[in-house]
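We use all heavy atoms of the structure for the numbers below, so side chains are in, but hydrogens, waters and symmetry mates are not.
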Amino acid sequence: MNRFINLVFFLSVSLSSCLFPGTASVKLRRNYYHKTCPNLENIVTAAVTKKFQQTFVTAPATIRLFFHDCFVLGCDASIMIASSDGSKAEKDHPDNLSLAGDGFDTVIKAKEAVDAVPSCRNKVSCADILAMATPDVIALAGGPSYEVELGRLDGLSSTAGSVDGKLPQPFFNLNQLNSLFAANGLTQKNMIALSAAHTIGFSHCSKFANRIHNFSRETAVDPALNQGYAAQLRGMCPKNVDTRIAIDMDPKTPRKFDNVYFLNLKKGKGLFSSDQVLFHDPRSKPTVNTWANDSHAFKRAFIAAITKLGRVGVKTGKNGNIRRNCAAFN
């Protein structure tokens with residue numbers, strides 16, 4: 001799929017680390033590998049498309065993997081590292097155990113395809129391959145196409161402890177969400193746009209069980225939930241349900257990357273409290289309403305937000321390298 005169609009104007013390539021502490025000040029650029037691996041984008045896109053054709057889960061899994069990677073130590077593929085006997089890596093932190101294996105496999109397969117080309121072997125970082133795979137799966141799922149900025153190195157550290165407090169939780173309120181995103185140089189508008197990635201993918205029942213079974217002493221079901229939707233959720237996720245059971249996060253168009261996420265919020269069908277609060281809090285409600293009514297405005301905002309996300313904590317120089325194996329340090 002051509003990543004260079006339907007382009008939009010992006011924000012400046014680099015952001016000052018003084019203004020945005022969580023964002024790298026290095027300059028990423030779209031043609032970073034044009035000399036060392038000139039056919040890189042096509043190689044990655046072909047590998048990602050093949051994986052996507054095998055299972056749709058490839059799309060939400062890859063997007064979520066990119067987000068979880070960037071919010072912990074920056075966009076450096078540290079999420080890919082496997083734990084060793086003496087060290088527990090990021091991917092084995094409780095907040096990352098629900099990451100679908102298809103996201104990891106997508107990066108690994110794309111890396112293998114790139115390194116199969118002699119001139120490209122060991123020239124492209126796993127961090128950049130993950131960054132390239134993300135817009136590919138978004139476009140394959142019907143979302144907007146956009147060019148990706150490149151030039152990241154792979155990180156030299158990955159510990160489970162580094163994940164603590166770095167990822168948003170399904171029960172977060174708007175203040176908590178804004179604070180966490182602001183720490184990474186992202187605005188409330190960026191946060192709302194990125195939250196819409198929940199328009200595809202699935203969640204395990206345990207992540208929202210409290211909203212449908214034991215919300216408070218006064219009511220078992222969160223009153224912010226659409227009651228019909230709550231009944232459906234209770235049917236799919238009864239008490240003591242198998243923890244492996246998962247359901248679609250978007251009950252209407254779960255396999256299409258679109259703005260229906262915002263329409264669902266207006267109907268009380270946000271799966272997590274952290275989703276539904278975006279419509280209930282008067283500070284974020286106008287943005288939800290705008291993007292529910294204007295899919296093009298949402299797509300522009302999403303591209304700007306995920307491009308900005310991709311600049312967080314980028315490693316260069318002695319702070320990183322290019323891994324031969326995405327799952328292990330060199």
Side-chain angles (χ1 to χ4, degrees), residues 3 24 26 28-30 32-34 36-52 58-59 61-84 87-93 96 99-138 148-160 162-163 166 306-307 309-330:
R3 187 184 288 110
V26 299
L28 302 175
R29 61 181 188 270
R30 297 169 193 163
Y32 186 84
Y33 295 99
H34 76 285
T36 54
C37 186
N39 201 35
L40 175 61
E41 285 80 7
N42 290 332
I43 297 170
V44 172
T45 296
V48 173
T49 300
K50 181 178 180 180
K51 175 66 179 174
F52 177 85
T58 298
T62 302
I63 298 169
R64 190 164 178 239
L65 187 68
F66 181 60
F67 181 86
H68 279 231
D69 181 47
C70 291
F71 258 47
V72 179
L73 302 179
C75 308
D76 63 355
S78 53
I79 189 69
M80 299 291 300
I81 294 294
S83 295
S84 61
S87 177
K88 191 175 180 181
E90 279 179 44
K91 67 183 297 185
D92 287 322
H93 185 279
N96 285 328
L99 290 171
D102 288 297
F104 294 93
D105 192 49
T106 298
V107 178
I108 291 169
K109 293 290 176 58
K111 170 72 168 173
E112 290 174 349
V114 171
D115 284 349
V117 179
S119 62
C120 298
R121 186 172 299 130
N122 297 327
K123 299 286 181 62
V124 184
S125 68
C126 300
D128 272 347
I129 288 176
L130 174 55
M132 284 187 284
T134 300
D136 277 338
V137 297
I138 289 170
V148 64
E149 301 170 340
L150 302 170
R152 304 163 187 80
L153 289 179
D154 297 322
L156 306 177
S157 174
S158 180
T159 63
S162 64
V163 182
K166 298 294 178 60
I306 200 164
T307 300
L309 171 65
R311 300 166 181 157
V312 173
V314 170
K315 306 297 188 300
T316 59
K318 296 180 180 180
N319 294 320
N321 59 21
I322 293 175
R323 286 185 216 136
R324 292 182 291 273
N325 174 0
C326 290
F329 296 120
N330 292 343

For the student: nearest non-hydrogen atoms of [X] and [Y], plus distance:
X: C126; Y: V107; result: O-CG1, 4.2 Å
X: E90; Y: T159; result: CG-O, 3.5 Å
X: V44; Y: A133; result: CG1-N, 4.3 Å
X: A59; Y: F52; result: CB-CE1, 4.0 Å
X: I79; Y: F104; result: O-CE2, 3.3 Å

For the salt bridge (Lys or Arg N to Asp or Glu O under 4.0 Å) test, which of R30, K123, R152 pairs with D128?
->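 It is R152, the one option of R30, K123, R152 that forms the salt bridge (Lys or Arg N to Asp or Glu O under 4.0 Å) with D128.
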[X] side chain vs [Y] backbone, donor-acceptor pair below 3.5 Å:
X: T134; Y: L130; result: yes
X: K315; Y: A127; result: no
X: N122; Y: D115; result: no

[Y] and [X], any side-chain heavy atoms less than 4.5 Å apart:
X: I108; Y: M80; value: yes
X: M132; Y: V124; value: yes
X: I322; Y: L153; value: yes
X: I81; Y: F329; value: yes

Going by distance alone, is a donor N or O of one side chain under 3.5 Å from an acceptor N or O of the other, for T58 and D102?
->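 Result is no, nothing qualifies.
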